Each structure stands twice: as C-alpha cells, then as structure tokens.
Amino acid sequence: MTSAEDLEVRTAAGAVRGRAEDGLVVFRGIPFAEPPVGDARFQAPRPVRGWEGTREAYAFGPPPPQEAGIQGRTGVLEAPTGVDWLTVNVWTPATDPSALRPVMVYIYGGAYKLGHSGSPGYDAQHLARAGDVVVVTLNYRVGIEGFALLEGAPANRGLLDQVAALEWVRDNITAFGGDPAQVTVFGESAGAGSVASLLAMPSARGLFGRAVAQSVPGTYFSAELARDIAVEIAKEAGLAPTAAALSAVDPLELPAAGERLSLRMREYDDRWGQAAPTVTPFSPVVDGEVLPCTPWEALAAGVARDVELLVGHNRDEYRLFLVLADQLGKITEEQAAAALRTFAPGPDGERAYREAFPEATPTALYERVQTDWLFNMPSLRLAEAQVAGGGRAHVYELTWPAPGFGGALGACHGLDIPLLFGTYEADLGNLLFAGSGVPDEARALTARFQSAWTAFARTGDPGWPAYDGDGRLTQVLDVEPEVRPYPDEVSRRLWEAYDFPALPLLK
C-alpha cells in the first residue's frame with residue numbers, strides 16, 4: 001500500500017506531492033524551468049526558482065501558447081491556464097531511490113506548432129505499468145514562441161526546452177525511482193523530429209543513452225528560409241521580426257499570426273519551395289549553433305554512435321491527411337503531377353516514380369510521394385546514417401490498418417500513438433478507431449509495442465535484429481508480425497541518393 005511518504009518527493013527546487021493511481025505514483029505539472037515571459041520571453045529556458053513547503057503535483061501544467069482549438073485537438077475540454085508552460089509529469093511504479101528503473105521521456109508531436117503533454121492520448125499509465133518503467137512527459141514551446149527565428153533570440157527554443165527537461169530528469173529522477181544513467185527519449189512526428197535533433201545537438205549530449213523516433217519528418221529549415229518565414233509571420237502581426245517587437249504581443253494572441261500565415265503558405269511556393277505545401281511555418285532550424293547540421297549529417301559523422309536508436313514509420317503515413325481533407329480517391333492527374341515535381345527526388349523524379357509504380361492511380365502517386373518525402377524515407381535514412389556513423393539502429397514499419405472509416409485510413413500517420421499508449425478513445429484515437437470499438441488485434445499490437453519499447457529502454461534490444469546495409473532487417477508490425485527485409489524497397493531505391501538537406505530559401 002502506498003504511504004504518504006511515497007507520495008512526496010524532494011526535487012532540487014523543492015518538495016512535490018503526487019497521487020497514488022492504480023499501482024503507480026503520478027506527479028503532474030512540475031516546473032522544470034521558469035515561465036518564459038517578461039524578460040525571459042523568446043529566450044533560452046532559465047532554471048526554475050525553488051519554493052518553500054510542498055507543492056501539490058496533481059494537475060497538468062497549462063499548454064504552451066498555440067493556435068486556436070487546443071481543446072478540440074488535445075481532447076482537454078478545460079485546458080489549464082497560466083504561464084507555467086514548462087512542466088514535466090512523472091508516472092512511476094514507486095518512489096524508491098534505490099529502484100533505478102529505466103526512464104522513458106516522451107516528446108509530443110504536432111507540426112511544431114501544437115501539443116500539450118496533458119493530452120489524454122499521452123496518458124502514460126499503461127506504458128509505465130506494462131514495462132515497470134518510469135515515464136516522463138514534458139511541455140515545450142511550439143510555434144512562434146518555440147521555433148520562429150527572431151533577431152535577439154536563440155534559435156530552436158523549443159528544442160532548448162527539451163534539453164532543459166532532460167537536465168531536470170538527470171538531476172531529479174532518482175528520487176522518483178528512475179535511473180538517470182538509463183534514459184530513453186522517444187517521440188512521434190514533430191516529437192520524432194525533435195528526437196532526431198537532440199541526437200545532433202551538442203547541448204543534449206550525455207542526457208540520454210537510447211532514442212526512439214516514430215515517423216521522423218524530413219523538414220528542417222535553413223537559417224535563410226526560417227528568417228524569411230519569420231519576416232512574414234511578423235508582418236501578420238504588424239511588427240518587425242525581432243524578439244523585442246513580438247514581446248509586446250500577448251503570448252496567447254500571437255499564435256494567430258502564425259495561423260493566418262499557415263492558411264496562405266502556398267502563395268510562397270516560389271520562395272519557400274517544399275516548405276510551402278506543408279502549411280506549417282515551423283521546423284527545427286539548422287542555425288549552426290543550437291543545431292549545427294541536419295540529423296542525417298550528424299549521425300553519419302558518428303556524433304551519436306554511442307546512442308542506441310529505434311526508428312520507424314507507418315506504411316501509409318500521408319493517408320491521414322487525405323482523409324481529413326476529404327481528398328481520398330479525388331486527386332486529379334494534375335495534382336499528382338505537381339506533387340511528383342515538387343517532392344520526388346532528383347530532376348527526373350516524376351518519371352522515376354511513374355515507372356516504379358506503373359499501376360498507381362493519381363491519388364496513390366500523390367499519397368506515395370508525400371508519404372516517402374515527409375516521413376518514411378527520412379526515418380529510414382536516420383537508421384542508415386546511424387549505421388554509417390558506427391552506431392546501432394533497429395527499424396520497424398507498422399502495416400496494421402486503423403479500423404476507423406471502414407479501414408480507409410490504412411496504417412496512417414499517428415496510429416502508433418494510441419497503440420503504444422493504449423489510449424484508443426482519446427485524441428486521434430477517437431478518429432482512428434471511430435465506430436469500430438477496439439479490436440483484439442489492436443490490444444495485441446499494444447502489448448507488442450509496449451513490450452518492445454520498454455525492452456529497448458531496459459536493454460537496447462527491442463526483440464529483433466539490428467538494421468544493416470546488407471539484410472536491412474525490419475520488424476513489420478501487423479496482425480502477424482514478422483521480421484523481413486525492409487518492405488518498401490522500391491521507394492528506398494528511389495531515394496537512396498537523396499541527403500535530406502535543410503530546406504533552402506529559393507529566392
């Protein structure tokens with residue numbers, strides 16, 4: 001039975017009290033940095049000041065400022081308010097400092113402009129319980145606050161927030177029953193792009209020994225592109241693209257400027273190239289300092305060879321966006337041709353794709369090239385870069401189709417989140433499982449996901465062979481999981497000479 005002493009933990013900044021919940025002790029909303037407001041606005045995170053007495057850690061901290069609709073997107077009907085955006089949450093089997101359990105630190109996705117660790121879909125109780133691990137989730141600044149490249153502010157503030165949270169884990173997690181020498185960072189979509197960035201960042205070195213990247217986006221901005229986008233964002237607010245100027249705008253009102261620009265990014269096709277159709281004006285910036293180079297360059301050079309990597313993607317990633325836009329089966333030949341010209345690699349990419357997939361419909365080509373460009377090939381290339389740099393990587397592909405929409409979604413983007421966390425009726429799970437209930441196949445996949453991910457966090461081995469350039473062995477996750485050579489060989493060959501450089505400013 002959990003005692004009152006078990007619920008109270010002393011951190012470096014002060015004591016916190018959690019709650020006993022079904023065999024776990026859960027702490028929510030612990031600040032890991034000072035609120036980034038006032039003279040701290042648009043600056044690197046600052047160490048949290050200490051407090052007297054015991055702080056109740058019962059409620060999630062408020063989401064960082066972001067576009068309208070946070071309640072609908074996260075499932076939080078009453079999102080908490082306030083400026084304590086930079087908080088962590090901890091699920092632990094017991095607060096025994098001698099337990100030294102593996103620690104898993106989750107970074108949410110959301111196109112680098114949305115997200116909140118308090119979203120029900122990221123409830124980590126099932127993962128912590130199934131794997132006997134300590135799970136930490138965190139908030140980081142998104143959108144303009146976290147990623148706009150502004151004069152007078154460091155680049156990639158959202159990534160710096162993640163580093164600060166990992167430093168908090170290093171300094172405090174022993175008291176929660178976790179092992180600071182056995183930390184795995186994991187994330188999906190923009191969270192996976194963040195994980196890939198952390199692998200390349202000097203400031204993150206030594207803060208984790210294992211990394212899981214689920215559906216890595218290939219979008220990283222050059223400083224020139226990010227600066228040009230920031231100019232247009234600031235124009236939407238009627239201001240100069242400087243930290244001093246934008247600090248005059250209420251943090252909760254400023255995201256509207258980014259949202260307005262997102263709606264008309266296609267107007268900048270001739271300047272922003274491949275970034276324009278993504279309708280998110282934010283990505284990690286290869287600024288040469290916080291992020292010295294792209295993750296693929298960094299890993300190939302061996303900077304993360306000592307970090308064990310688990311990376312993969314879902315077979316039909318882009319299908320989700322087609323369904324949400326009511327475009328499935330409705331893509332014209334002209335739209336498919338434009339997508340191939342924009343995203344297929346090399347000057348002859350459109351012809352190469354058509355020859356590689358001769359029976360594909362316009363919708364299939366449109367989906368395939370964007371699935372490959374945005375998620376699948378960047379994820380695979382991260383594994384290949386890690387191996388090339390002398391490191392170890394394990395690769396997976398999820399091929400089980402989501403049951404919602406009569407199965408039309410396929411193995412789409414985001415499906416791995418409810419499967420991993422076991423949160424089928426929360427957030428995106430509401431859509432992916434809509435009207436179908438939760439089939440036994442899903443629960444079996446959840447058990448497999450949780451077993452593999454927590455085994456990897458504990459030993460570095462998820463239960464299948466490491467990837468190499470010869471066998472390219474990959475764990476295919478489906479009703480009948482199997483280990484086989486990488487399944488999307490046609491796409492792999494189309495992209496094998498592409499380096500995923502930082503996206504340039506065209507003119």
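The shown structure was predicted, so the numbers you read here are calculated from the model rather than taken from an experiment.
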Practice task
Return the set of residues passing ring-ring contact (aromatic ring centres under 6.0 Å, His included) with Y366 (not counting sequence neighbours), or none when no residue passes.
Solution key: none
Handout entry: Minimum heavy-atom distance R319-C412, with the two atoms named
Key = CB-CB, 4.3 Å
Exercise for the section: Of all the heavy-atom pairs spanning W495 and D372, show the shortest one and how long it is. Expected result: NE1-CB, 3.5 Å
Practice task
Assert yes or no for the condition that the ring centre distance of H413 to Y318 is strictly below 6.0 Å.
Solution key: no
Exercise for the section: Please report the closest heavy-atom contact between R141 and F42, naming both atoms and the distance. Expected result: NH1-N, 4.0 Å
Handout entry: Atom CD of E21 with >12 non-hydrogen neighbours under 6.0 angstrom
Key = yes
Problem - Exercise: identify the closest heavy-atom pair between P217 and G193 - result: CD-N, 3.6 Å
Problem - Residues E308 and R210 bridged, charged N to O under 4.0 Å - result: yes
Exercise for the section: Give the ring-plane orientation class for F433 versus Y424, where under 30° counts as parallel, over 60° as perpendicular and anything between as tilted. Expected result: perpendicular
Exercise for the section: Assess the pair W168 and F176: is the distance between their ring centroids shorter than 6.0 Å? Expected result: yes
Practice task
Sequence neighbours left out, what pairs pass ring pair (Phe, Tyr, Trp, His ring centres under 6.0 Å) with at least one residue falling in residues 199-246?
Solution key: Y220-W296
Exercise for the section: Using the six-membered ring wherever Trp is involved, compare the ring planes of F500 and Y498 and label them parallel, tilted or perpendicular (cut-offs 30° and 60°). Expected result: perpendicular
Handout entry: Polar side-chain atom of Q66 near backbone of P64 as donor-acceptor pair, under 3.5 Å
Key = yes
Handout entry: E145 and R157 ion-paired at < 4.0 Å
Key = no
Fill in the blank from the handout: Closest non-hydrogen atoms of A128 and W91, given as atom of the first, atom of the second and distance, are CB-CB, 4.0 Å
Problem - Electrostatic pair K507-D228, nearest N-O below 4.0 angstrom - result: no
Exercise for the section: May I ask you to decide whether R271 forms a salt bridge with E232, counting only side-chain N to carboxylate O separations under 4.0 Å? Expected result: yes
Problem - V212, V195, T137 screened by side-chain contact (heavy atoms from CB on, under 4.5 Å) with Y106, the one that passes - result: T137
Practice task
Please assess Y108 against H116 for the test ring-ring contact (aromatic ring centres under 6.0 Å, His included), listing each intermediate value before the final yes or no.
Solution key: CA-CA 7 Å; Y108 54 72; H116 178 215; 7.7 Å; no
Handout entry: Basic-acidic side-chain contact under 4.0 Å: R315, D416
Key = no
